[in-house]
Q: 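Have a look at the structure that comes next, please.
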Amino acid sequence: MSEALSQPVNFFQAKKGLFSWIFSTDHKRIGLLYFYAIISFFLVAMALGFLMRLELIAPGETIMDAKTYNQVFTLHGVIMIFLFLIPSVPAFFGNFFLPIMIGTDDVAFPKVNLMSWWLYVLGGIFALLTLVVGDGPADTGWTFYAPYSVKTGTNVTLAVLAAFILGFSSILTGLNFIVTIHRLRAPGMGWFKMPLFSWALYATAWIQLLATPIIGITLLMIVAERVFGVGLFDPALGGDPILYQHLFWIYSHPAVYIMVLPAMGLISEMIPTFAKRTIFGYKAIAYSSLAIAFIGYFVWGHHMFTSGMSGPARVIFSILTFLVAVPSAIKVFNWVATLYKGSIDVKTPLLYSMAFIFQFLIGGLTGLVIGALATDIHLHDTYFVVGHFHYVMFGGAGFAFFGALHYWFPKIWGKMYNERVSKIAFTLMFIGFNFLYFPMLILGIMGMPRRYYDYLEDFTTLNVISTVGSWVLIAGILLMIINLIRSNKTGEVATRNPWGGTTLEWQTPSPPPVHNFDATPVVPEGSPYDHKMNKTG
Amino acid sequence: MFSDASNFVQGVDTSFAIILGASVFFLVSITAVMVYFVIRYNKSKHPEAVDIHENKKLEITWTVIPTLLVLVMFYFGWMGYKPMRDIPDEGVHVKAYGQMWSWQFEYENGKSSDTLVVPIDEPVILDLISRDVLHSLYIPAFRIKEDVVPGRENKMWFIGQKVGDYDIFCAEYCGDRHSYMLSKVIVLPEEEYMKWYNDTTASADHPGLAVLKKNACISCHSLDGTRIVGPSFKGIWGHEAEVITNGEERTVMVDEEYIKRSIYEPNADVVKGFNQGLMISYQNLVTEEEIKDIIEYLKTLK
Amino acid sequence: MANFVLANSGHNRDDEASKFGMWLFLFTELLLFGGLFLVYTIYRYLNSEAFLHASYELDVIMGTINTVVLLTSSLTVALSITAIQKGNVKLSLWLITATILFALTFLVIKYFEWSAKFEHGLFPGMDHYNHLEPAEKMFFFLYFFMTGLHGLHVVIGGALLGYIMWDIKKKEVTPQNYVFLENGGLYWHLVDIIWIFLFPLFYLIH
Amino acid sequence: MANKNTSRHLPGDPEVHHIIPYKFHIGIWVGLIILTVMTVLVSVMGISLVAFSVITALIIASAKAVVVANYFMHLKYENKLITWLMGVTMLLFVVFIAFTAFDYITR
Ligand code: HEA
Ligand code: HEA
Ligand code: CUA
Ligand SMILES: [Cu+2]
């Protein structure tokens with residue numbers, strides 16, 4: 001069995017059986033375990049989103065009652081944030097590709113890595129348990145604002161514990177990545193020779209590591225408050241609900257950058273590959289990741305402009321919010337400049353990247369609208385905010401995720417996907433997405449508050465458009481999933497480097513062997529994206 | 001936009017127009033450039049890529065310009081917002097009570113109402129008081145919103161500049177019927193407002209019903225048997241209720257004493273199948289006299 | 001061998017990485033308590049009188065003794081590392097034992113302190129507690145929450161050191177390879193550092 | 001960047017692992033005890049100076065923490081990177097408290 005094979009054993013073939021997966025310490029297998037878990041949760045939460053849109057197609061009760069609706073949007077938000085978007089890119093693509101891209105064979109602490117996955121699963125189980133025990137899932141919104149979260153009879157305690165456990169999973173992933181990047185880069189791989197995806201993960205990891213403990217302890221306080229009936233945040237017992245909001249957003253604002261920074265890293269990989277030229281402004285992009293991560297810690301108050309926070313505090317948080325937009329703008333400009341004088345090959349991942357830029361622009365620019373004091377007073381907690389965050393989270397991070405799924409599909413599964421079908425699926429998703437969320441921005445400006453089960457007649461038309469958009473989006477997503485599953489069975493076998501990429505993962509076979517490489521990878525001399533040096537492909 | 005319904009519309013909509021204008025400009029131009037590049041430098045037209053690593057001048061330009069721009073945006077946002085916090089002392093003072101799930105407005109002469117009636121062109125100062133959880137008083141047409149936080153008094157103010165009625169929403173999630181926590185603000189000409197303000201004749205309702213309405217009991221307890229959040233009041237008098245007291249189930253007769261306890265210590269006996277903790281104690285809000293009225297009224301709901 | 005293995009493999013022994021990882025973990029622990037210190041700071045600012053009043057219920061002497069106990073235990077772990085570095089495994093084992101004994105002493109003293117509070121009915125939900133004014137309740141709740149969480153860390157740290165002793169006996173931790181002991185020590189010092197702040201903030205508000 | 005593999009020193013290499021003498025540790029411990037006694041005294045005696053005593057207590061506690069970190073935890077002899085990162089962590093923690101407190105102070 002262990003004779004030298006011409007084609008080394010890839011990591012799929014190395015061992016068989018369920019246990020060889022769920023107890024594996026191979027970062028590639030752990031990455032895939034995350035992928036399957038994440039995508040399952042994603043489908044569940046999408047189905048919930050779909051149900052919400054059905055309910056909102058007309059005023060009055062359509063398919064569910066008010067309490068159920070409230071539970072549905074809470075579960076939708078909790079799953080999408082804690083179980084899908086926060087782990088998605090780092091835990092799946094990061095685990096799979098970070099060690100390969102910096103030229104090593106695993107993360108620094110493989111066992112800890114496995115433990116993070118188990119914690120993730122445990123947290124997921126807790127979240128799902130809320131469905132079946134007691135009075136059903138929490139109905140507080142994903143923000144768990146006190147004092148309602150202390151008073152309601154639904155399973156808030158369980159949901160909060162789920163978020164707590166998932167937080168620890170996220171911390172351990174971040175810790176692992178930081179040490180990996182510091183200690184395990186291949187010989188010759190200096191900091192500024194790392195692919196930008198590793199830079200993005202590095203910046204993200206610091207947010208995961210240093211922001212998450214705050215939410216952990218805050219959620220524990222909510223549990224204690226519910227269990228012991230003490231008044232940490234409930235004013236009836238002497239607490240202050242606004243302090244809870246501070247603590248919650250100290251984490252949850254940086255958390256939105258946990259969601260988008262790795263996605264930005266993906267875009268920085270895909271664009272140079274398909275433009276067939278080096279990235280424009282490598283250092284600017286790398287530094288702006290760190291800048292976003294750092295400044296992102298100081299802006300949390302922009303979620304509390306109407307909460308009764310003091311006037312001076314509102315002003316300071318508003319100005320800092322505007323400053324954090326600048327590094328994002330720098331990235332966008334550099335990506336677009338990378339397309340200049342390239343030799344562009346319009347493949348599906350590039351289409352996703354372009355959609356990312358367009359949609360992230362809408363999301364980011366609407367972020368500026370709600371970062372300004374006067375306008376946020378009007379728009380806070382309206383559908384404008386819902387539109388904003390779906391544009392950045394789904395239109396941005398989500399689309400980058402799907403783009404990278406196509407980009408690395410050949411590398412992970414060793415097969416080519418069907419290009420024509422994937423483009424049709426992309427088009428449906430793009431159209432559906434914008435029809436679904438653009439109307440929400442207008443609804444918000446008209447004044448429709450969010451978390452509304454029922455609404456006034458005036459808002460009907462736009463809600464109908466939005467719901468119909470969700471159906472087109474479904475069609476696109478389902479087509480994409482079917483296409484990928486089918487391609488995995490029947491697609492052409494992928495070569496090492498089907499796109500002509502320049503980073504190290506393209507130097508190894510597809511799928512990679514157990515120890516990632518079959519020969520010492522050659523770290524390119526100049527920038528990691530030098531296509532000229534790498535003409536052979 | 002620019003309806004001038006309140007004194008803030010101008011400022012808010014100006015900052016809106018400026019930020020939105022800049023945003024649309026960036027969105028359209030960046031998207032256009034991106035699409036143009038992808039078409040112009042498609043590999044069929046431009047087979048040989050040119051590597052351009054960086055351009056310091058360009059990097060500095062597109063760092064500095066957005067920085068200046070966002071500071072301008074911030075400035076207009078701040079200016080539109082500043083008058084909202086300069087709350088005048090003189091004007092119509094109203095206490096706005098938010099509770100699950102209704103609004104109640106109390107005027108200086110003790111008049112109370114579930115809609116906010118205000119005179120035109122006069123500052124109205126609202127003291128926002130919550131009786132249970134977070135709410136948020138939101139008047140889209142006036143461009144104002146402020147959370148109603150239990151345990152502290154937030155304030156907001158405005159000048160209604162156009163006669164008419166405008167929607168009030170609750171904009172902070174507060175439980176099951178959050179989306180039904182609606183009301184209206186009615187801006188009246190001075191004389192009409194004074195007429196309304198001085199009209200203290202009691203409503204035509206049964207006095208018990210008036211108490212129930214005033215305290216928003218009926219936002220949780222229906223009068224016709226439908227289940228909202230609390231048990232319906234229909235047929236409640238004299239029937240046997242299954243309650244949980246200190247974790248133990250028991251059956252009690254709904255009589256005067258039980259009703260009084262339900263109102264003053266709602267968590268003492270929790271009706272089976274309903275949630276504890278939602279109903280607050282009305283110890284300081286409903287007098288014993290009023291409870292008598294309520295009971296008289298409940299007796300009529302067979 | 002069928003499989004090619006890289007030179008800079010993640011499976012190589014790397015003491016620097018282990019220690020670096022441990023430090024990062026300590027950062028998260030610091031911020032975990034940091035959240036509680038934040039809550040403490042704000043509520044103390046809002047209710048300084050009540051906090052002052054409530055703090056008189058705490059026993060400064062016991063608190064001081066416990067501080068000394070923890071500091072000494074920190075010393076003994078630090079010494080045990082020096083000992084193992086010098087190859088004196090036996091001394092190292094004794095010093096770790098001493099540390100664990102100090103940990104137990106700390107817990108026993110805490111136990112007496114807490115039981116005294118229980119007897120006074122000061123635990124959330126008890127009689128006396130329920131009749132306190134809200135801000136004093138807050139003080140006691142924070143006291144129990146923070147010292148409780150700290151106590152939990154003492155237990156975990158002690159158990160970790162016990163496990164390390166076992167590893168020393170099994171020769172998995174040796175004078176050539178003692179990074180595990182160093183990490184255990186780091187964790188233990190963190191527990192000490194947190195107490196260094198808890199002590200004046202709760203016991204010494206006078 | 002230099003080749004990292006060369007910078008990764010051999011395990012147990014006495015050149016690299018700074019061994020702190022027993023005596024030195026004990027000296028540090030004595031210092032810590034003195035600081036502890038000082039805080040207790042300041043607090044018990046400085047009854048009239050409430051605000052002052054909070055600040056002194058915190059300064060002394062911070063001093064103790066720095067000593068523990070630097071010597072007991074060998075931070076002084078580790079890679080400077082860790083000290084820097086510790087600084088960043090502490091900076092964030094201070095910002096969290098400062099910004100939140102700012103809201104309360106300016107209300
Ligand atoms: C991936 C997630 C993500 C990302 C990246 C962002 C990015 C930003 N967000 Fe968003 N946000 C959320 C997720 C995210 N947000 C969520 C989930 C909520 C709601 C939470 C809840 O209440 O449930 C929210 C809510 C939210 C609010 C609170 C609204 C309210 O409740 O009242 C605010 C207010 O300031 C805000 C602002 C911003 C800003 C300024 C950015 C910036 O980082 C955007 C920067 C990007 C750009 C600006 C685009 C690129 C710019 C250019 C190409 C150049 C042109 C620009 C200039 C002239 C500067 N967000
Ligand atoms: C990554 C983040 C993410 C993503 C991708 C989405 C995706 C979607 N969200 Fe999202 N949403 C949030 C994060 C996200 N959401 C958050 C954080 C909130 C705030 C919650 C709160 O207020 O607390 C929110 C709130 C929110 C609201 C506001 C609720 C309210 O305020 O009342 C609405 C309303 O329309 C909505 C709709 C949708 C829809 C239609 C999708 C669609 O994109 C989904 C598209 C998919 C489909 C339409 C289904 C297709 C698939 C199937 C049908 C699969 C079949 C099933 C199986 C095989 C199991 N969401
Ligand atoms: Cu009241 Cu929402
Ligand atoms: Cu934010």
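The chains referred to below are lettered A, B, ... by the order of the sequence lines, with proteins before strands, and numbering in each begins at 1.
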Q: So which part of C/Ile42 gets closer than 4.5 Å to some heavy atom of chain A, the side chain, the backbone, both or neither?
A: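 Contact with chain A is through the side chain of C/Ile42 alone.
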Q: Enter the distance from C/Phe25:CZ to A/Phe109:CZ here, rounded to the nearest 0.5 Å.
A: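 The CZ atom of C/Phe25 sits 12.0 Å away from the CZ atom of A/Phe109.
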Q: Grab the two heavy atoms, one from C/Phe141 and one from A/Ala224, that are nearest each other, plus how far apart they are.
A: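 Residues C/Phe141 and A/Ala224, closest heavy atoms: CZ-CB, 3.5 Å.
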Q: Taking side chain as everything from C-beta outward and backbone as N, CA, C, O, which of these in A/Leu232 sits under 4.5 Å from a heavy atom of chain C? Side chain, backbone, both or neither.
A: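 Both backbone and side chain.
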Q: Under a 4.5 Å heavy-atom cutoff, which of A/Ile214, A/Ile250, A/Leu210 has the most pairs with chain C?
A: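 Answer, by heavy-atom pair count under 4.5 Å with chain C: A/Leu210.
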Q: Check each atom of C/Ala17 against the heavy atoms of chain A and say whether the ones under 4.5 Å are side chain, backbone, both or neither.
A: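 C/Ala17 touches chain A through backbone and side-chain heavy atoms alike.
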Q: Between NE2 of A/His182 and CZ of C/Phe20, what distance do you get to the nearest 0.5 Å?
A: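 Going from NE2 on A/His182 over to CZ on C/Phe20, the span is 4.0 Å.
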Q: Pick one of side chain, backbone, both or neither for C/Leu149, based on which atoms fall under 4.5 Å of a heavy atom in chain A.
A: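 The side chain, not the backbone.
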Q: If you measure from CG on C/Leu32 to CD1 on A/Ile171, what distance do you get to the nearest 0.5 Å?
A: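 If I round to the nearest 0.5 Å, the distance is 7.5 Å.
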Q: Taking the side chain as every heavy atom from C-beta outward, state whether C/Thr28 and A/Thr212 have any pair of such atoms under 4.5 Å apart.
A: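 No, their side chains stay 4.5 Å or more apart.
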Q: For C/Lys170, look at atom NZ and say whether over 12 heavy atoms of other residues, nucleotides or ligands are found less than 6.0 Å away.
A: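 For C/Lys170, atom NZ is crowded (more than 12 foreign heavy atoms under 6.0 Å).
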Q: Under 4.5 Å heavy-atom distance to chain C, tell me which part of A/Leu209 shows up: side chain, backbone, both or neither.
A: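 The answer is both parts of A/Leu209.
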Q: What do the steps show when you test A/Met221 against C/Leu36 for side-chain contact (heavy atoms from CB on, under 4.5 Å), and what is the final call?
A: CA-CA 9 Å; A/Met221 285 188 253; C/Leu36 286 167; 3.9 Å; yes
Q: As a quick check of understanding, evaluate side-chain contact (heavy atoms from CB on, under 4.5 Å) for C/Trp23 and A/Val179, giving each step before the final call.
A: CA-CA 10 Å; C/Trp23 273 101; A/Val179 179; over 6 Å; no
Q: Taking A/Ala211, A/Gly216, A/Pro213 one by one, which has the highest count of heavy-atom pairs under 4.5 Å against chain C?
A: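 Most heavy-atom pairs under 4.5 Å with chain C: A/Pro213.
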Q: What distance do A/Leu243 atom CG and C/Thr41 atom OG1 have between them, rounded to the nearest 0.5 Å?
A: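 Spacing of CG (A/Leu243) from OG1 (C/Thr41) equals 9.5 Å.
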Q: Please classify the contact of A/Leu175 with chain C as side chain, backbone, both or neither, using a heavy-atom distance under 4.5 Å.
A: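 Contact with chain C: backbone and side chain both.
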Q: When you look at C/Phe145 and A/Leu220, which way does the side-chain contact (heavy atoms from CB on, under 4.5 Å) test go after all the steps?
A: CA-CA 10 Å; C/Phe145 199 149; A/Leu220 272 193; 4.1 Å; yes
Q: Other residues, nucleotides and ligands only: do more than 12 of their heavy atoms fall within 6.0 Å of OH on C/Tyr163?
A: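 At most 12 heavy atoms, drawn from other residues, nucleotides or ligands, come within 6.0 Å of this atom.
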Q: Heavy-atom distance under 4.5 Å between the side chains of A/Ile217 and C/Leu31, does that happen here?
A: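 Answer no - side chains too far apart.
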Q: Checking the side chain of C/Tyr43 only, and the main-chain atoms of A/Asp240 only, is there a donor and an acceptor separated by less than 3.5 Å?
A: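 Pair found, side chain donor or acceptor close to backbone of A/Asp240.
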